[in-house]
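Notes follow the structure.
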Amino acid sequence: MTATQTPVAQTPDRPAVPPAPARPTAFALVKRFWPVVAFVLLAVLPYSGITIPGLFDGPINSPGALQVLALCLVFGGLAAGYDLLFGRTGLLSFGHALYFALGVYGTDILITKYGYPLPLAALLAVLFATTVATALGAVALRVHGIAFSMVTLAFGQVGAILVARDPGGLTGGEEGLSLDASGLPDGLVGVVNTVNLYWIALAYLGLVVVVLHRVAQSPTGRVFAGLRDDERRIGVLGLDPYRFKLVSFTLSSALAALGGVVYLLLAAGASPHVASSDLTLTLLVMVVLGGPGTRFGPVLGGVLFTYLDHRLTDFGASDAVDSLPGVLAGPLSQPLFVLGTIFILAVYFFPGGLAGLGTRLSALRRAVTPTPRP
């Protein structure tokens, strides 16, 4: 006989319960929100009275230290704004200092010569600089490559010559134009209010970073990246490269003009140096040092370069350098020589800039770490 098998009743499959999402660790949260944490720490920095030997001459919340930090923040924002043009769109401009100078001199002239209040003077100066940038960019962007760089250099030199010629007695010529403090709010006048200028500089840097982040995440930002990589491909897609390059040029120049307003408050006046091509080259060095086309690399490059420029100037005039033999004292007393050496070494050993330093160190650590045997 054949044994009969009793059918086994099958229970319906229960839906699989998805695992509970893992809670982010503290390190992951800090890694994700570290820009916000850094901004908050910088905002409360003036409330700290700690002294870091060798970093600053006095407490970190002293007027001198806050002045240096504010300048570092301003040039960090300027470098990030210039990177929108150079690192993100692939346009090398040698006349970017012109729009920074329009922000500095325009605001100073309207306050000192015509008695405008600071908010209105700053607004008019930035709008004027943006208009000039749109007009000059519309001309310069008709050419490509090195020709574009030379045209922007020519425009920048025209601005520097006008500043030096002192047309109508407006710019002060080679002596510059001091800022009339009576046209400023009381909270921005005097050494005791340096902390307020520091917060304004921090707000400027935060605004630049937010604007650039929004642009990078937008469709326009992706077109900028496409222009940097291959402009012809953008044209094949039916988009007009000229218009997008003009938008990048204008926005970058407007951010530079706004930075000029903040710099004017810190320097309490305008000098011909702000219109020179040397300033544009300095911004280019800052961007390359930090890492072009990265989110925070140009900011780090601008902050580090400005701080080193200030500290090396003091170091070059110190007794420690004077006591060295002439063959060493001569070069070390020149801040640009030391900065140039640091820049060459940084580019040679870290071609991706400061922004790629973490990645290169991680790769080096994995290369030297022995692989465990099974």
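Just so you know, these numbers come straight off a predicted model, no measurement behind them.
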- Item | Centroid-centroid distance, Y263 to F100, less than 6.0 Å | yes

- ring-ring contact (aromatic ring centres under 6.0 Å, His included) between F296 and W34, worked out: CA-CA 12 Å; F296 295 107; W34 76 265; 5.0 Å; yes

Please find the pair of heavy atoms, one from [X] and one from [Y], that lie closest to each other, and give the distance.
X	Y	result
A275	A160	O-CB, 3.5 Å
L279	V274	CD2-O, 3.4 Å
V299	A80	CG2-CB, 3.8 Å
A256	H96	CB-NE2, 3.5 Å

- Would you kindly confirm whether F244 and V236 end up in one hydrophobic cluster when ILVMFWY residues are joined by side chain heavy atoms under 4.5 Å apart? no

- Message: According to a hydrophobic-cluster definition based on side-chain heavy atoms being under 4.5 Å apart (Ile, Leu, Val, Met, Phe, Trp, Tyr only), do L264 and L66 belong together?
- Response: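 Yes, same cluster.
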
- Message: Please verify the inter-ring angle class for F148 with F249; under 30° counts as parallel, over 60° as perpendicular, anything in between as tilted.
- Response: perpendicular

I'd like to know if the side chain of [X] reaches the main chain of [Y], judged simply by a donor and an acceptor atom lying under 3.5 Å from each other, with no hydrogens or angles considered.
X	Y	answer
T112	D180	yes
Y204	L255	yes
D108	G269	no

- Message: Is it true that S276 and D278 share a donor-acceptor pair across their side chains at a distance under 3.5 Å?
- Response: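 Not at all, the side chains of D278 and S276 share no donor-acceptor pair under 3.5 Å.
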
